[in-house]
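Read the numbers this way: they start at 1 and go in the same order the structure lists the ligands and their atoms. One is the number of the first residue; the rest follow in order along the sequence.
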Amino acid sequence: MQIRLNKYLSECGVASRRKVEELILQGRVSLNDEIVSQLAVKVDPLSDIIRLDGEILRQDEKVYYLLNKPRGFVTTTNDEKNRKTVLDLIRTKVKIFPVGRLDYDTTGVLILTNDGDFSNLLLHPDNKVPRIYKVTLSKPLSLKDKERLLKGIIVEDKKGRFETVYPTKRANVVNISTVEGRNHFVKNMFKALGYNVMELMRMSYGGIKLEDLPIGAYRHLTKEEINSIYKKYAH
Ligand code: URA
């Protein structure tokens, strides 16, 4: 498969896409031993030889992790308050990033990868990727409020809704699913109706589940899990 040279260079960790364009224009990049002078060039990462200042570049292998996020970790890659980040929990030399955000006190399914396309696929609102959460509330959810959550309410100036709301054996615990990825979305939806979220756990994202992964532990996504995401959400 051919991809744009600037995308290839940025995926090799050379620099951002904009910066790599400067490198190309400076004549520092060659493709199969010819200096590249145009930005719109496409390359085949498997068969072409691309060099920067004469040195052959290799794309980082793509990695995909599933972490059972514990509370007390931020999902941003560097925190201004110097709190622990989820990256502290994964031992890898590859530069990975979390797919979307979970709050400091939220636990459960968090995917981390170095594959920007995979991340975009999961995050793009048009793809309507379902997230399932177990929500512990400050009080039992009334039937009327359940209906409102399913029908849709305004949160932060925009309509939001849950796809499903299921009761559990505990009166103040519900399992909900949503295709929304806005920050604090689940908490804001309940807050709008007068409920506090005491605990929040993501049980599944795009069908990827924790199964028996202990809290704080991680594993690689399987090929089947990665393929299932492409099959379900890539058009
Ligand atoms: N919604 C929230 O409110 N918080 C999360 O961490 C995830 C979804």
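Closest to atom 1 (N) of ligand 1 among all protein heavy atoms lies V186 N, 3.1 Å. With respect to atom 4 (N) of ligand 1, the closest heavy atom belonging to the protein is D103 OD2, 2.7 Å.
Taking a cut-off of under 4.0 Å to the non-hydrogen atoms of Y133, the atoms of ligand 1 that pass are 7 (C), 8 (C). Heavy-atom contacts of T106 reach the following atoms of ligand 1: 4 (N), 5 (C), 6 (O) (cutoff under 4.0 Å). Residue-ligand proximity, F185 to ligand 1, at heavy-atom distances under 4.0 Å covers atoms 1 (N), 2 (C), 3 (O).
Backbone and side-chain nitrogen or oxygen atoms of K187 are examined, and one is located within less than 3.5 angstrom of a nitrogen or oxygen of ligand 1. An N or O contact shorter than 3.5 Å is missing between R182 and ligand 1 by distance. Ligand 1 has a nitrogen or oxygen under 3.5 angstrom from a nitrogen or oxygen of H184.
Judged purely by distance below 3.5 Å, without hydrogens or angles, the side chains of D48 and Y8 never pair a donor atom with an acceptor atom.
Counted within 6.0 Å of NZ on K42, heavy atoms from surrounding residues, nucleotides or ligands total 12 or fewer; the atom is thus considered open. Crowding of I49 atom CD1: a count of heavy atoms from other residues, nucleotides or ligands under 6.0 Å not exceeding 12. At most 12 non-hydrogen atoms from other residues, nucleotides or ligands lie less than 6.0 angstrom from CD of E55. A 6.0 Å sphere centred on NZ of K128 holds no more than 12 heavy atoms belonging to other residues, nucleotides or ligands.
Residue L200 touches ligand 1 through its side chain alone, judged by heavy-atom distances below 4.0 Å.
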Side chains of residues 116-123: which donor-acceptor partners sit under 3.5 Å, not counting sequence neighbours?
from	atom 1	to	atom 2	distance (Å)
D117	OD1	K7	NZ	3.3
D117	OD2	K7	NZ	2.7
N120	ND2	G116	O	3.3

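The shortest heavy-atom contact between F185 and R161 is CZ-N, 3.8 Å.
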